[in-house]
4 protein chains.
Amino acid sequence: MSFVGSGTAPDQPVRGRPRSEAVERAILEGTMKLLEDGVPLAEISIERIARTAGVGKATIYRRWSGKEELFVDVLRTAEPQDPEQLPGTSMRDDLIVLLESLRQRGLANRSSAILHNVHAQMKSSPKIWAAYHNSVILPRRRAGVEVLRRGQQNGELRADLDVELVNDIIVGPMLVRAVLRPEADLPEDLAERIVDTLLAGLRPVN
Amino acid sequence: MSFVGSGTAPDQPVRGRPRSEAVERAILEGTMKLLEDGVPLAEISIERIARTAGVGKATIYRRWSGKEELFVDVLRTAEPQDPEQLPGTSMRDDLIVLLESLRQRGLANRSSAILHNVHAQMKSSPKIWAAYHNSVILPRRRAGVEVLRRGQQNGELRADLDVELVNDIIVGPMLVRAVLRPEADLPEDLAERIVDTLLAGLRPVN
Amino acid sequence: MSFVGSGTAPDQPVRGRPRSEAVERAILEGTMKLLEDGVPLAEISIERIARTAGVGKATIYRRWSGKEELFVDVLRTAEPQDPEQLPGTSMRDDLIVLLESLRQRGLANRSSAILHNVHAQMKSSPKIWAAYHNSVILPRRRAGVEVLRRGQQNGELRADLDVELVNDIIVGPMLVRAVLRPEADLPEDLAERIVDTLLAGLRPVN
Amino acid sequence: MSFVGSGTAPDQPVRGRPRSEAVERAILEGTMKLLEDGVPLAEISIERIARTAGVGKATIYRRWSGKEELFVDVLRTAEPQDPEQLPGTSMRDDLIVLLESLRQRGLANRSSAILHNVHAQMKSSPKIWAAYHNSVILPRRRAGVEVLRRGQQNGELRADLDVELVNDIIVGPMLVRAVLRPEADLPEDLAERIVDTLLAGLRPVN
DNA sequence: ATGTAACCGAGACGGTACGTCGTGTCTTCAT
DNA sequence: ATGAAGACACGACGTACCGTCTCGGTTACAT
């Protein structure tokens, strides 16, 4: 369950009593429960998590080295299912699907008011942020850039543009709304509107 | 120095020794120093700030009700000077100036590695976030929307677009780079490239 | 209140809030209470003492470096008043007075069932034992040896005997009863009987 | 002969693997080793004993109910062989032999610095102390009192003395030196000197 | 000049949480 | 059944901060 890679340990025969999966679940779900109940992040101590889950502190420290590592796992457990099969019919459709999945994440977060805090918290601990970045953010970014490359080859996207920058341009508005502007709403057709607006350009047609 | 309102206290005759401004500066600058030295945010306690500034804890609590309020003031002290006179020659030029000021902020933050953390931290405390949002973010947003409205009247911007959404589209890519993707760099012509790309649209010219 | 010497600190102006004597008493008496209530020594944790005395743990650690140092002070606080003016009328009378004070200690200990445990505990920590030895045991021993020396000069004690050994002989039986044989009782005339028996010798008169 | 019961175990067919005596020895000797190496008693945990002996904790708990029971066994294993045939030639000689065995114990203890601690520790756990008292101390005490009774019948000891008290008087000085005054030495002729001094009395012969 | 009231540094105070360790019990695989 | 290993709930360890409080001492105004 460690969030950092896994790669099938090199054999290591089981010695002693194995760790209980039930306990593992109890900890993750107990933490989730606290978050959902609106307990401020600063008041969620390892001690309290242990009490909530009916578990000894050592049992938590045996699995995670601290609060931050634990939160990363909680966050990943709660993340909506990762990317999906892209339709592949056109660059436009693919981009809309990608943006739509971002919107779903924003909605899920909002509804429970949970992940915002955890996300913010992670940014202040570089190691954890790096782990989260590598395992969650980067893969999506790569998917986006790939779609854009194919678009350039198809002639759907201007060939002279820097795909990295274009990716920021596409993803930016949705992130701003979902992460930085929690007061804004995320209407159903938002992904489509953003993509079409960007494709057409802001300048009047003629 | 309270960040919430100010409006010149109604009268209150000064009795007893007045608060030392030197002490006030020492606290703010001491905190700044810790941030600049790369001390992780979580390790910056009121106790440590007091030690660093050579000041009693009570002296800090006399001015701020807690760590969060203090950080807001530190952040505001360190912010680059707020917006500027817009050229007004065209919507394009105005947008570039606004984006460029955002870029400057990103650079300043990066160079000292300070504000990232503080920004992230603030997000987990709703009251503080609201204060920061109202005093720093909202004014800039309003300026941006105003520029876009003028653009629609001038015929520089398609009249059928939602200016709020367009503002997110313009500001989004810069924020993504400055706040969420600290690993990306912010080249000098970035503001210009973003605006021109957006105006022209992503689709090939013909 | 440190048990190790005192010698009037060289001046040291008081800085910060002074330590509360009331708190000091609360801790010592709280510990005493636990001992009197028959709580096994092993179950008396610093944590529990703090709870009993209504005090923070740090407040205890500020005064004593650990459980052992604290117990020494508790023990010394509870000790019956140290020796007394010796009558000086004869070696026999002086020895009886010294032994009687030992008997009193044994009785006090027994009645509350306190000090036995603490005494035993101290033996397993050499530093503490040394401190207790120097401040409590040694002075009494010196007083005894002094009395015996005067006895040799007066002709009340055989001049060929080693006063150190004689002291052990006199003090021994009382200690055995008071410390090692808690089941034995300590009748009122015990000191007198021991001294007279020793002076006369065990052999039948003739 | 009787078909009912027997002295030895009442039949109980051995099922499963029998307990290893080697393991039993490893535990006792491992504990002894720790004591000999001067590890403070408070730092000798069951956990550490198990590590030292290369044994699982459960294996220890299967044999002893806790640290105290284990220590009693360690102590008894290490005790010099219990009393001996008394010469019986005279009360004086018998007393000297008894005292000498006490002195040997004191020397053994001292040389390894072991039993002091264990002895002290036992005093704080009444159940264990009772066990030790009954199995080690009481038999010796009874032997001593018996010798004194014979002495009274022989006319070697004044008939008007309380033999219990006399026993304390004889045993006291040696115990004081061996148990309470570890800094004192125990010269070879100590037993003889004590007995002769007591028999003759402290008063000058004149 | 002298109150007097708020300031200041220092540090004690009752708490809570930290991360580690030892307790005695349990569960697993292997002998 | 025994044995080594180690997970488990529990609770104490000694330290660090929290936010409040009490000290001795210092300004700076109002008398």
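A, B, ... follow the sequence lines: proteins, then strands. Residue 1 opens every chain.
- Of the two residues contacting DNA chain E, namely B/Val23 and C/Pro18, the nearest-nucleotide position lying further toward the 5' end is that of B/Val23.
- Every residue two or more places apart in sequence or in another chain was checked for a salt bridge (charged side-chain N to carboxylate O under 4.0 Å, His left out) with D/Glu29, and none qualifies.
- With contacts defined as side-chain heavy-atom distances shorter than 4.5 Å, the pair D/Phe71/D/Ile44 qualifies.
- Per the geometry, CZ belonging to B/Arg63 stands 13 Å off C1' belonging to E/dG9, to the nearest Å.
- Electrostatic pairing of C/Arg19 and C/Glu24 does not count as a salt bridge here, judged by no charged N lying under 4.0 Å from a carboxylate O.
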(request) Do nucleotides 10-16 of chain F as a string where each nucleotide becomes B, S or -: B if the base has a protein heavy atom under 4.0 Å, S if just the sugar-phosphate does, - if no protein is that close. (result) --BBBB-
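- Put simply, C/Thr59 has a side-chain N or O that comes within less than 4.0 Å of OP1 or OP2 on E/dG14.
- Residues B/Leu28 and B/Leu70 form a side-chain contact, since some pair of their non-hydrogen atoms from C-beta on lies under 4.5 Å apart.
- Looking at heavy atoms from C-beta onward, A/Val39 lies out of side-chain contact with A/Leu35 at the 4.5 angstrom threshold.
- Rounded to an integer number of Å, the gap from CD1 of A/Ile27 to C1' of F/dA7 is 12 Å.
- Residue pairs meeting the side-chain hydrogen bond (donor to acceptor under 3.5 Å, both in side chains) criterion with at least one member in residues 45-55 of chain B: none, sequence neighbours excluded.
- Between B/Glu24 atom CD and E/dC7 atom C1' the separation is 13 Å, expressed in whole Å.
- Contact between B/Ser20 and B/Arg63 at its shortest, heavy atoms only, is O-NH1, 3.6 Å.
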Distances under 3.5 Å between nitrogen or oxygen atoms of protein and nucleotides 2-6 of chain E:
residue, atom, partner, partner atom, Å
E/dA6, O4', B/Arg15, O, 3.4

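- Rounded to a whole Å, the CD atom of B/Glu21 is 11 Å from the P atom of E/dC8.
- Atom CD1 of D/Ile49 is separated from atom P of E/dG24 by 11 Å (rounded to the nearest Å).
- Summarising the geometry of D/Ala50 relative to D/Gly56, their closest heavy-atom pair is CB-C, 4.3 Å, with the distance given to 0.1 Å.
- Considering only heavy atoms from C-beta on, C/Ile46 comes within 4.5 Å of C/Tyr61 through its side chain.
- One interatomic measurement links the two molecules: CG of D/Leu70 to P of E/dT23, which rounds to 11 Å at whole-angstrom precision.
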